[in-house]
Amino acid sequence: MPDAETPLQHSRDFLLEAYRRMATIRRFEERVHELFAAGKLPGFVHLYAGEEASAVGICSQLDERDAITSTHRGHGHCIAKGCDVTGMMKELYGKAGGLCAGKGGSMHIADVDKGMLGANGIVGGGPPLACGAALAAKTLKTGGVAVAFVGDGGSNQGTTLESYNLAKVWNLPVIFVIEDNGYAESTASAWSVAGSQVGRAAGFGMPAREVDGFDFFAVYDAAREAIGRARAGGGPSLLHVKLARYFGHFEGDAMTYRAPGEIERLRAEQDCLARFRKRVAASGLIEEGEFAALEREIADEIEAAVAAAEEDAMPPPEAVLTDVYVSY
Amino acid sequence: MPDAETPLQHSRDFLLEAYRRMATIRRFEERVHELFAAGKLPGFVHLYAGEEASAVGICSQLDERDAITSTHRGHGHCIAKGCDVTGMMKELYGKAGGLCAGKGGSMHIADVDKGMLGANGIVGGGPPLACGAALAAKTLKTGGVAVAFVGDGGSNQGTTLESYNLAKVWNLPVIFVIEDNGYAESTASAWSVAGSQVGRAAGFGMPAREVDGFDFFAVYDAAREAIGRARAGGGPSLLHVKLARYFGHFEGDAMTYRAPGEIERLRAEQDCLARFRKRVAASGLIEEGEFAALEREIADEIEAAVAAAEEDAMPPPEAVLTDVYVSY
Amino acid sequence: MARKTYREALNEALRLEMRRDPTVIVMGEDNAGGMGAPGEDDAWGGVMGVTKGLMPEFGRERVLDTPISESAFIGAAVGAAVMGLRPVAELMFVDFMGVCFDQIFNQAAKFRYMFGGRAKTPVVIRTMYGGGLRAASQHSQCLYPLFTHIPGLKVALPATPYDAKGLMIQAIRDDDPVIFFEHKALYDLPGEVPDEAYTVPFGEASITREGKDVTIVAFGRMVHLANEVADRLRRDKIGVTVVDPRTTSPLDEETILDAVAETGRVVIVDEAHPRCSMAADIARLVAEQAFDDLKAPIRTLTAPHTPVPFSPALEDAYLPSAARLEEMVRSLMRA
Amino acid sequence: MARKTYREALNEALRLEMRRDPTVIVMGEDNAGGMGAPGEDDAWGGVMGVTKGLMPEFGRERVLDTPISESAFIGAAVGAAVMGLRPVAELMFVDFMGVCFDQIFNQAAKFRYMFGGRAKTPVVIRTMYGGGLRAASQHSQCLYPLFTHIPGLKVALPATPYDAKGLMIQAIRDDDPVIFFEHKALYDLPGEVPDEAYTVPFGEASITREGKDVTIVAFGRMVHLANEVADRLRRDKIGVTVVDPRTTSPLDEETILDAVAETGRVVIVDEAHPRCSMAADIARLVAEQAFDDLKAPIRTLTAPHTPVPFSPALEDAYLPSAARLEEMVRSLMRA
Ligand SMILES: Cc1ncc(C[n+]2csc(CCOP(=O)(O)OP(=O)(O)O)c2C)c(N)n1
Ligand SMILES: Cc1ncc(C[n+]2csc(CCOP(=O)(O)OP(=O)(O)O)c2C)c(N)n1
Ligand SMILES: [Mg+2]
Ligand SMILES: [Mg+2]
């Protein structure tokens, strides 16, 4: 993705591309939601819709040297890091042409060549791996950084907390991004997270900021600082990104634990795509009509991905036995 | 142990008993050091000498409702919590009459009836268990509290960090005591602990204090506040107790990582027993001669424990198979 | 007696024991649910609804939601057990053992021994296992062989609603740590379950089919495959005895050996990976202690030595099937 | 060729590979030692001195000390492996796996499969195991059966200095995750070890004794017991073949089956607990694939189903001994 001059003086191309990524995530997730409800998709699926500004605000500043680790809610991170949506959709269908040849599924979707080290079925699984990616970048002097996306629930996992310390002690170029959507399953982060994310980071001597995750530009700016620090050898940082998910914890969740009207209000008032459009349109750089055209393009792209996934073959049964080892 | 009025107005009996406990630990550890060097004791042994003010400053305020979890360096916590030194010495010898019938050894020495839930061979093993003891006290409304003793090295283990959050979220009557003796094996806490212990606690919303661990009265006062808070339903606290160990990480450690003269200086200037004696003698409550008499008594007691341990039988080989289950 | 699902049977077991014994508490992620959230209380009752309704009856003091901190809360259950409670803690999927195994295998399992018999740790860890739900590599494992390997743990694997309830009540009353494996594909399975409390003792296998030709030793969901195959083969006059050990630790060796003595042929079917598995464990038992009874090689049917794949086409090929089990028994009869 | 200890052989393997390949790094608690401390640098070289001297040669960038945070640093080794390094991480005692197993069995082991073959994870996890040092329940376990159970991991268990070096070099060059088990009672064992780099391939057993009557399959330190027994029995004209598989995953099934075909009798000796152990695993292999070769029941000698006791009197009774192995072989010859 082309880089921007300063956060508030982004190029038209950058803005269009950022919007394309966010809108692609949104459309992808909405279609997956429908497909799951229609019984087309097997397994457990966790959707990222509503949180797009976080993945894209951050990953739009990463390049091929950089790696990310994700969570069970990984589709958005994949798309933001440049994974192919057709390969992704095929993966969700369990088809042979999927990004992981149908072996991973939604919870383990990955593209290591793109620096996307995988969604993760284990809450807290990612941060140690991100430390490792950062260590590799540091040791091989690639200039790369690593970003660990973690949920508010995942912020309570010991593996995450240990990683803060290790990253600081080893002075690793890693950014911990706590995507706080208010809930871990049905449990509110207001209850489960004692203290504060920023306070915890401070306790480990790590710079940290709370960020409005509905605002692409706020995320971008905060990440810019943290990524810059990491690239310059200044070590790890933490971002506490406050945002919301539009769908259930997993597809099928009735969400009775949420307040009535909560999602409707969020969609109406805080939607990160709407806020992005409004802000950018106000700047005059891009017109509303252009966004609409982009969205139609994206819808077509996703439809094509669905069609390709529907048509793709299931992997052959023999494939069960391959890819366990490089050699055995 | 009889309770004191206010920290600086302790009763004579309390002070004598506190000193007895500290001096018993010191003498026990010095004898174990000799016995190990003489090849009398099997296995891995980690000595607590130098750190006595911590265990006793805290445990002297606990009673039979209260539980503690310890570390690999557990002898001092045992003695402070009232374990029988003869049973302990027998255990270190692996004898049948040992506190754990010879099955546990130094690294797993325990006396659950006394609320001593075990030394622990796993760094970070204790804090979750202490949360459990605190939960039991809270659920059963015993008024009890739990204390988790943790090393500076152990403060970096995820299990410890998770426990801070759980204790706070569940509002448990637990006190985390970080006994920071400057090293985890050969690694300095100045390097391995990013941020600060007090800052970490604050990050989890937990009251915390740094304490001079060479000063019995400082430890006592800080613990009094934390224990009082816990008993009153005010939830967990953390104490960062700064102190030093006089012997190697384990018996056999040449300690080349320490500064030349470091231990000699500590013994001369910071010894917690000496400081206790000096302060109490200055108050006029107890005379130097009384301390000396007490120490002779303790030396005899430890000698008797060694003799008893030497004489005790090894457990019979059949004992290998017992005590695995209550029933199977 | 009434028809209840495996899920309902478990819920009833927990409810009855909580009523009987005030020291029984339940904890786990979203075990009530909705904690601190603006909507409904008891919003989930656990991810599969097993603990639903317990919080309204017993209150938040006895049904505890937890942060996602398995080491801390499973360890807390262990510590609380040593100090007088009988906690039932949920490790949502057994696949998550990797973030908390220490508290289970080094602490809970070893306390009694390390402390010379002077402690007991009556904790139950409920956990979900197994394939079939397209939950992929990190949410479909069996892993009970790992727990069975560890001295000091007991391991229960109910195959039916009846056993689920009876083994759970036994687990709660048991004075040793019990790892209680619930197969995620069985929660909706119905069966006859008495309304009152009863226990199924540990270490007593159940013989679900009887026949003179082949013994199938089967675990958890595999018991249903074995029953199906036994019923099908009966039509072809091949008599199959199906032994469901119900607990892998302790293991009812006698019932297995008796069955093998009778049939002289044995197939072991285990949904776990093959290496160091229960299939291997039973093979060792038989090859060591019933060798002279054997008329044919021991046969084992397990999942392959691969992670669990996501794609339905692959997972179906991955899981032991009734068809393959049947073919194995038939080939053994031909041998 | 020179005599070196098992410890020296391992150190040499690490040193040679670090010289050869700049992507090889070493990490673990006190692997250099003295980090941040006022005294000597490279103060420890690991708790057993295996990594001693590497830091002075390769610097702190390639020999990393770590905080006591096994999940974080083992996970970091795994993540770094995916991103182009070849880390050798030390899990000081395998007993500590419980605080970091997730990064090993759900991450490292499964990446390649879950990602459809589009990743490799060339990480080595060195770890110390076994009894005999009076290190008691939480520092004496074997636990290799748990790792062997997991698809995606390779498991090496060298019994000699020669194998220690060759298997370590193979482990480092291998593109899959390897769990490398070092027996704590073998570090001082001397043996002939060439000075140059060489590999011992995985999945190739070594036959350390040959005889026609009984096969002993032995793992790790148990190989030495088996050799001792074979030598003693030879005097009584009982011929014993000793097979040391050297890696449990992959397993050289062929060599084991060939040996059993020749002798018709087999004893498996495994220092681990009995349930779902390597003893069971090999018993299954033989009972399933070499049944017709067997002249007598399969026999297994393992530690009992108890934690490891502390007292020397108890640990001696706990561990498999040459005397018991010899008696088992003799009784098998009488059967
Ligand atoms: C170790 C572990 N514990 C529990 C779970 C089950 N689980 C999956 S997602 C989830 C909630 C995660 O919440 P959060 O981190 O806030 O992420 P979000 O779902 O809100 O994106 C839980 C408990 C798991 N997958 N792994
Ligand atoms: C999980 C785990 N990792 C590593 C070890 C090895 N080990 C034992 S004690 C120790 C150092 C502990 O340091 P600290 O917590 O500061 O306690 P201290 O020894 O200084 O009292 C280490 C690394 C262990 N026992 N458990
Ligand atoms: Mg969340
Ligand atoms: Mg220390």
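Predicted model, so just to flag it, every value in this text is computed and none were measured. In what follows, chains carry the letters A, B, and so on, assigned in the order in which the sequence lines appear, proteins first and then strands, with residues in each chain numbered from 1.
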At a heavy-atom separation under 4.5 Å, does C:K110 approach chain B through its side chain, its backbone, both, or neither? neither
Counting heavy-atom pairs under 4.5 Å with chain C, the top scorer among B:A130, B:A101, B:G125 is B:G125
Structural part of C:N106 lying under 4.5 Å from a heavy atom of chain B: side chain
Short side-chain donor-acceptor distance under 3.5 Å, B:E179 and B:Y48: yes
Any ion pair linking B:K114 and B:D84 (charged N to carboxylate O, less than 4.0 Å)? no
Salt bridge C:R112-C:D176, side-chain N to carboxylate O under 4.0 Å: no
Counting heavy-atom pairs under 4.5 Å to chain B, which of C:M35, C:Q103, C:K120 comes out on top? C:Q103
Below 4.5 Å from any heavy atom of chain B, which atoms of C:F73 appear? Answer side chain, backbone, both or neither. both
Less than 4.5 Å to any heavy atom of chain B: does that hold for the side chain of C:T247, its backbone, both, or neither? neither
Looking at B:A137, B:S163, B:C131, B:A133, which has the largest count of heavy-atom pairs under 4.5 Å with chain C? B:A133
Atom CD of C:E57 with >12 non-hydrogen neighbours under 6.0 angstrom: yes
Would you call the rings of B:H249 and B:H72 parallel, tilted or perpendicular, where under 30° means parallel and over 60° means perpendicular? tilted
Need one label for B:V320: side chain, backbone, both or neither, based on atoms under 4.5 Å from any heavy atom in chain C. both
Could you tell me whether C:F115 and B:H108 have their ring centroids closer than 6.0 angstrom? no
Any side-chain heavy atom of C:F180 sitting closer than 4.5 Å to one from C:L10? yes
Name the region of C:L153, side chain, backbone, both or neither, that has any atom closer than 4.5 Å to a heavy atom of chain B. backbone
Pick from C:G117, C:S71, C:P177: which one has the most heavy-atom pairs with chain B under 4.5 Å? C:S71
Tell me, side chain or backbone of B:T160 under 4.5 Å from chain C's heavy atoms, or both, or neither? neither
Non-hydrogen atoms of chain C under 4.5 Å away: do they reach the side chain of B:N120, the backbone, both or neither? side chain
If you apply the rule side chain to side chain contact (heavy atoms under 4.5 Å, CB included), what do you find for B:H240 with B:V177, and how did you get there? CA-CA 6 Å; B:H240 177 191; B:V177 179; over 6 Å; no
